[in-house]
Undergrad: 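First the structure, then my questions, so here it is.
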Amino acid sequence: MKRALLLFFAAGFIVSATAQLRPFLNNPQSPVKALKPVAQMGGEAVGVQTPNTTVASDATLADEVIMTTTYDLQTNSTNQQRMFRYDDGTMAGVAIFSHDNSGSFPERGTGYNYFDGTSWGTQPTTRIEATTRTGWPAYAPLGPNGEIVVAHSSGTLPLYINRRDIRGTGAWTQTELAAPVDASGLLWPRMVTSGDDHMSVHVFALTAPTGNGGVVWNDMDGALVYNRSLDGGDTWDGWVLMDGMTSSEYLGFGGDTYAWAQPVGNTLAFVVGDSFNDEFIMKSTDNGDTWTKTIIWDCPYDFWAGGDTTGDFYNSDGSSAAAIGPDGKVHVLFGFGRGNGDEAGNKYWTINNDGLIYWNEDMPELPQVMDPDELFASGNYIGWVPDTNVFYIPTDQYAFYYGSMSSMPTLVVDDANQVFAFWSGMTINQDPDNFLLRHIFARASVDGGATWRDNILDVTGEFVQQWTEFAYPTVASQTTYDKIYLIDQDDDLAGVYLKSSNSGYQGQMEITNNNITLMEVDKNDIIEWGVGVNNKPAETFTVAQNYPNPVTGRSVISVKLTQPGNLSMSIVNVVGQQVMRLEKGTVNTGNQQFVVDGSTLPAGIYFYTVTVNKQSITKRMIVE
C-alpha cells in the first residue's frame with residue numbers, strides 16, 4: 001500500500017517536467033556535528049534569477065544493466081574513469097563490485113564487463129583480482145588492444161594493477177605499485193593512459209591519512225602524489241609530490257577530491273578541490289614531464305584546523321570533473337558547497353545548498369568570496385535542481401551524499417567543441433522511506449563553454465525511471481556524431497547504505513542490489529529541447545514566481561513588460577483542464593499583477609501561463 005500511494009502522489013509531478021523553473025540557493029541554520037570530514041546544516045531557500053529553463057524528459061534513452069553490486073559507495077566525492085569507448089564501437093566498464101554482503105564485503109573488488117560491438121558480456125559474478133580485496137578501480141586502454149585497471153586495498157598496502165593484452169578476454173596479470181618511501185600505503189587512485197599507443201600510464205593517489213591507518217608524510221596528512229610509466233606499467237618513474245601541492249600550500253587532501261581529464265595528445269590535466277582547499281588544475285603539455293598549476297577558486301581556509309570559527313562561506317563540495325577540448329583547453333565542473341568550521345576544528349556542510357559551477361581556461365579565477373548571483377551572471381553557475389518544490393520538503397527527507405544537491409559531475413567535450421555537462425541532482429520524487437530521489441541531469445554548450453543552452457534535461461526522466469535513485473554518473477570521453485555514453489549506479493532507495501553506520505545519517509539503511517547501467521544519450525536531446533541562448537528571441541516580458549507559493553489564500557503573480565501588448569493568464573490543473581482565465585487586454589510598458597484566490601481551487605499542483613501577444617511563459621504553483 002505504501003508503494004502504491006507513492007506512485008500515485010509522484011505521478012502528479014510528471015506533467016510538471018516542462019514547467020519553467022529557477023534555481024534556489026540557501027542560507028544555513030544551526031550546524032550539526034561532522035559525520036565524515038564534513039557534516040550537515042539546514043537552511044531556508046532564497047532565489048537566484050535564471051533564464052526560463054525547460055526541464056525535459058529523455059524519450060530516446062537506451063540503457064542496459066552491465067553488472068549488479070551490493071556495495072553501493074562508488075566514491076566519496078569525485079568519480080574515477082570507469083568506462084572507455086573505443087573507436088571500433090567496443091566499450092568496457094568497471095565498478096566497485098561485491099555480491100557477498102557479509103561483514104566488510106570480503107569479496108569486494110573490480111567488477112568488469114565488455115561490449116564487443118554487438119552485445120555486453122555476461123554480468124560478472126567475481127572480481128577481476130584473484131586474491132586481493134580491492135576497491136576504487138580506474139580503467140584505461142593499454143597498448144594497441146589491451147586494457148589496464150588500478151585499484152586500492154587499504155591504508156597500509158600498495159596499489160594493485162591488473163593488465164591484459166587483449167581487451168575483453170584472457171587472464172589478468174596483477175602487479176603491485178608500492179607507496180612512496182615512509183608512506184604506509186596508498187588510497188583512492190586515479191589513472192589515465194596517453195599517446196597513440198596508450199603506453200604512457202599516469203597515476204595519482206593519496207598517501208593514506210592517519211584516519212585510514214596511515215601516517216603524516218612530508219608534513220601532510222594525506223599527500224597527493226603522481227607516478228608515470230612510459231612502457232605500459234612495466235617500470236615506473238617514481239612518486240612525485242608536485243610543486244604547488246606540498247605542505248607549503250596545504251595541510252593535506254581528502255579522499256576522492258580530485259579527477260583526471262582524458263588526455264588529448266601530450267596534454268594532460270587533473271582537477272583538485274574541496275571545501276577547505278583550493279579548487280585548481282594541474283596541466284602538462286609534454287606528457288607529464290612538467291606541470292603548471294592554475295587556481296580556479298582560492299579557498300580562504302587552506303590551513304584552517306580550528307582555534308577560531310570560519311563563519312559560513314561558499315566553497316567547492318569536493319566533487320569535481322575535468323575534460324580537455326580539441327583545442328587543448330581544460331574545462332571544469334564542481335559542486336557548489338557551503339559550510340563552516342568551528343573552534344574545535346569540526347567542519348560542517350549545508351545539506352540543502354545547491355548549484356553546479358563551470359570554469360574553463362578562458363575564464364578568470366573565481367572570486368574568493370563566491371556569490372551565486374555573480375557566478376550566474378558571469379556564466380559560471382550552470383546547473384541546479386530544476387524542481388524548486390524540493391525546497392519545500394523538510395530537510396529530514398534529504399538523503400546524504402555530503403555534497404551539493406547538484407553534484408557528482410562528469411563532462412565531455414566532443415570534436416566539435418561542444419561541452420556536455422552531466423550531474424546527479426535531487427528531485428521531488430520519494431523512495432518508500434520518503435527520502436528524495438536523485439536523477440541524472442544534463443546541459444550543453446555548443447560554443448566551447450562560452451554560453452549554455454537554456455534547457456536542462458532529465459536524462460532519467462521516463463515514467464518507469466521516476467522512482468529510481470541515480471548516482472555516480474561517469475561519461476565516456478569518446479562520443480559519436482550524435483551519441484554520448486555513460487554509466488551510473490541506480491537502485492530503489494535514496495542514499496548510501498555504506499554510510500548508514502554514521503551517527504545521524506539520513507538515507508538508505510538496508511542493503512540492496514544496485515545496478516551499474518550503461519546509458520546511451522542523444523546529443524540533440526540535450527541541445528535542441530528549448531531555445532538556445534544564442535538564438536533566443538528578445539524577451540518582451542518577464543514573469544515572477546507566484547508569491548506566496550504554496551498558496552493557501554491570495555497569491556500574486558507579477559509581470560514586467562518592456563513593450564505594450566495584449567496580456568492574459570490561464571491556469572490549468574495537472575491533467576490539462578483550464579480552471580481559471582484572466583484577461584487584462586492591451587496594457588502599457590511596466591509592471592502588471594494577477595491576483596489568484598487559491599481558496600477557490602482544490603489542493604494540488606497547477607500551471608499558470610502568462611501570454612503577451614504570441615509569447616508565453618509557464619510556471620508552476622501549489623495550492624494547499
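The chain is numbered in sequence order, starting from 1.
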Undergrad: Any salt bridge linking Asp342 with Lys347? Criterion: basic side-chain nitrogen under 4.0 Å from a carboxylate oxygen.
TA: no
Undergrad: Can you confirm if the aromatic rings of Tyr358 and Trp452 lie within a centre distance of less than 6.0 Å?
TA: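 Aromatic pair counts; centres sit under 6.0 Å.
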Undergrad: So Asp490 and Thr517, side-chain hydrogen bond (donor to acceptor under 3.5 Å, both in side chains) or not? Walk me through it.
TA: CA-CA 7 Å; Asp490 54 80; Thr517 304; 2.7 Å; yes
Undergrad: Side chains of Asp256 and Thr78: do they bring a donor and an acceptor to under 3.5 Å?
TA: no
Undergrad: So which heavy atom on Arg443 is nearest to which on Asp454, and how close?
TA: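 Taking Arg443 first and Asp454 second, the nearest heavy atoms are NH2-CA, 4.1 Å.
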Undergrad: Tell me, do Val272 and Lys293 make a side-chain contact under 4.5 Å, heavy atoms counted?
TA: no
Undergrad: For the pair Asp354 and Ser406, evaluate side-chain hydrogen bond (donor to acceptor under 3.5 Å, both in side chains) and give the outcome as yes or no after the intermediate values.
TA: CA-CA 6 Å; Asp354 187 37; Ser406 297; 2.7 Å; yes
Undergrad: Return the OH to CD1 distance between Tyr547 and Ile557, rounded to the nearest 0.5 Å.
TA: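 Answer rounded to 0.5 Å: 14.5 Å.
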Undergrad: Can a donor-acceptor pair be found between the side chains of Thr540 and Gln563 at a distance below 3.5 Å?
TA: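 Note: Thr540 and Gln563 side chains miss the donor-acceptor criterion.
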Undergrad: Quick one: do the Asp387 and Asn389 side chains pair a donor with an acceptor below 3.5 Å?
TA: yes
Undergrad: Has Lys584 got its NZ or CZ under 6.0 Å from the middle of the six-membered ring of Phe594, at an angle within 45 degrees of the ring axis?
TA: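 Yes, Lys584 lies over the aromatic ring of Phe594.
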Undergrad: Tyr301 vs Phe313 aromatic rings, parallel, tilted or perpendicular, using cut-offs 30° and 60°?
TA: tilted
Undergrad: Distance-only, no hydrogens or angles: does the Gln430 side chain make a donor-acceptor pair with backbone N or O of Leu436 under 3.5 Å?
TA: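 Not at all, since once roles are kept as given, no pair shorter than 3.5 Å links the two residues.
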Undergrad: Cation-pi check for Tyr505 against Lys499: NZ or CZ below 6.0 Å from the six-membered ring centre and within 45 degrees of the axis, yes or no?
TA: no
Undergrad: Distance only, no hydrogens: is a donor on one side chain within 3.5 Å (strictly under) of an acceptor on the other, for Asn546 and Ser555?
TA: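 Yes, because at least one side-chain N or O of Asn546 sits under 3.5 Å from a partner of the opposite role on Ser555.
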Undergrad: Does a donor on one side chain and an acceptor on the other come within less than 3.5 Å for Asp312 and Asn340?
TA: yes
Undergrad: Tell me yes or no: between the side chains of Thr480 and Asp482, is some donor less than 3.5 Å from an acceptor?
TA: yes
Undergrad: Should we say atom CZ of Arg554 is surrounded by more than 12 heavy atoms from elsewhere, each under 6.0 Å from it?
TA: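 No, because the 6.0 Å sphere around CZ of Arg554 holds 12 heavy atoms or fewer from other groups.
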Undergrad: For a quick check under 3.5 Å, do Asp447 and Ser445 share a side-chain donor-acceptor pair by atom type?
TA: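 Indeed, the side chains of Asp447 and Ser445 share at least one donor-acceptor pair under 3.5 Å.
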Undergrad: Using the ring of each side chain (for Trp, its six-membered ring), is Phe463 parallel, tilted or perpendicular to Trp467, with breaks at 30° and 60°?
TA: perpendicular
Undergrad: Regarding Asp396 and Tyr398, is there a side-chain donor-to-acceptor distance under 3.5 Å anywhere?
TA: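 Their side chains do not contain a donor-acceptor pair, so the 3.5 Å distance test is not met.
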Undergrad: Could you check whether Glu520 pairs with Lys483 (Lys NZ or Arg NE/NH1/NH2 to Asp/Glu carboxylate O, under 4.0 Å)?
TA: yes
Undergrad: Once rounded to the nearest 0.5 Å, what's the spacing between atom CG of Leu366 and atom OH of Tyr314?
TA: 14.5 Å
Undergrad: Classify the side-chain pair Asn429/Gln466 by whether it contains a donor and acceptor separated by less than 3.5 Å.
TA: yes
Undergrad: Just wondering, are more than 12 heavy atoms of other shown residues or ligands nearer than 6.0 Å to CG in Asp415?
TA: no
